[in-house]
Amino acid sequence: MDSLVYIVGAGPGDPDLLTVKAQKLLASADVILFADSLIPEEILHLCREDAEIIRTANQTLEEIIALMLARVRSHKSVVRLHSGDPSLYSAVHEQMQLLAAADIPFEVIPGISAFQAAAAKLKIELTVPGLVQTIILTRISGRTQVPPKEELATLAAHQASLCLYLSARHIENAQAKLLEHYPDDTPIAICFRIGWPDEKILVVPLSQMAKSTHEEDLIRTTLYVISPALTATTGRSRLYHPEHSHIFRSSHN
């Protein structure tokens, strides 16, 4: 294993949902830095017994980067373990910039995101022919501001499958903006700690979104799925239709 930083997506929480590559890296890395408030301890069981495990929940970005630089410059392999997928709400952009500025090589390993795990648990496809063909992954403005053109009410106007991250603390505001465009009886899924032993999934009308969130005392690690796909549908893909031909199959007309 090379002396560099591997930025690894740990998935939503279930160790079995790690990619094979992520498992191999965890099993061989000299050093693992992980956000202990977001990643289950069980995932660390895959690491070498002699690996250095560094918890980063109480550390600043500068402290984390300094640790990674020191270990790589000591010719050690480093895994920076992130919850979910590094491409979504992982604060990985600034880490990569700082690593590049320090001339430290790094590689990014994707992981399963909570919206994918939630759809699997709900047994739904978020893109149903004739019903919905777009997925929007977003959040509501909080301490981290959302650009005005990406404001939630603007995105809700599409009535697509909308997956709302990092918004439980502002749920009344989110519900109000969604109700501007989705009917109040639109089913929404409230997904808490998907992939963890204490995961919880509730499907309620949009009008009950805030009420249910407060009743369950959910303030973090919660994903909301607002989608027409949560309703019963008879939509069918053309891909496997007997009248559809493609490069691997002629039509059955």
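When a residue number appears, it is its place in the shown sequence, counting from 1.
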Summary of salt bridge (charged side-chain N to carboxylate O under 4.0 Å, His left out) pairs that have at least one residue in residues 36-51, sequence neighbours excluded: Asp30-Arg48, Glu41-Arg55, Arg48-Asp50
Counterpart residues, salt bridge (charged side-chain N to carboxylate O under 4.0 Å, His left out), relative to Glu180 (two or more places apart): none
Listed partners of Thr154 passing side-chain contact (heavy atoms from CB on, under 4.5 Å), at least two apart: Glu151
Under 3.5 Å donor-acceptor, Tyr182 side chain and Ala160 backbone: yes
With sequence neighbours excluded, residues passing side-chain contact (heavy atoms from CB on, under 4.5 Å) with Leu98: Leu61, Ile65
NE2 (His45) with more than 12 external heavy atoms under 6.0 Å: yes
Interatomic distance, Leu26 atom CG to Leu18 atom CG [nearest 0.5 angstrom]: 6.5 Å
With sequence neighbours excluded, residues passing side-chain contact (heavy atoms from CB on, under 4.5 Å) with Thr56: Leu33, Ala35, Ile54, Ile64, Arg80
Atom pairs and distances, donor-acceptor, side-chain atoms in residues 114-124, under 3.5 Å, two or more places apart:
residue, atom, partner, partner atom, Å
Gln116, OE1, Ser113, N, 2.7
Lys121, NZ, Glu199, OE2, 3.3

Set of ring-ring contact (aromatic ring centres under 6.0 Å, His included) partners for Tyr89, sequence neighbours left out: Tyr165
Pairs flagged by salt bridge (charged side-chain N to carboxylate O under 4.0 Å, His left out) wherever residues 82-104 is involved - sequence neighbours left out: none
Under 3.5 Å donor-acceptor, Ser227 side chain and Ser161 backbone: no
Pairs satisfying salt bridge (charged side-chain N to carboxylate O under 4.0 Å, His left out), at least one member in residues 107-116, at least two apart: Lys21-Glu107
Residues that, via side-chain heavy atoms closer than 4.5 angstrom, fall in one hydrophobic cluster with Ile112: Leu17
His181 (side chain) donor-acceptor with His158 (main chain) under 3.5 angstrom: no
Salt bridge (charged side-chain N to carboxylate O under 4.0 Å, His left out) pairs, two or more places apart, involving residues 153-171: none
Heavy-atom side-chain proximity of Ile104 to Arg73 below 4.5 angstrom: yes
Neighbour count >12 (heavy atoms, 6.0 Å) for atom CG, Asp185: yes
Note, Leu162 side chain near Leu178 side chain (heavy atom, < 4.5 Å): yes
Interatomic distance, Leu164 atom CG to Ile171 atom CD1 [nearest 0.5 angstrom]: 6.5 Å
For Leu179, side-chain contact (heavy atoms from CB on, under 4.5 Å) partners two or more places apart: Gln175, Asp184, Leu206
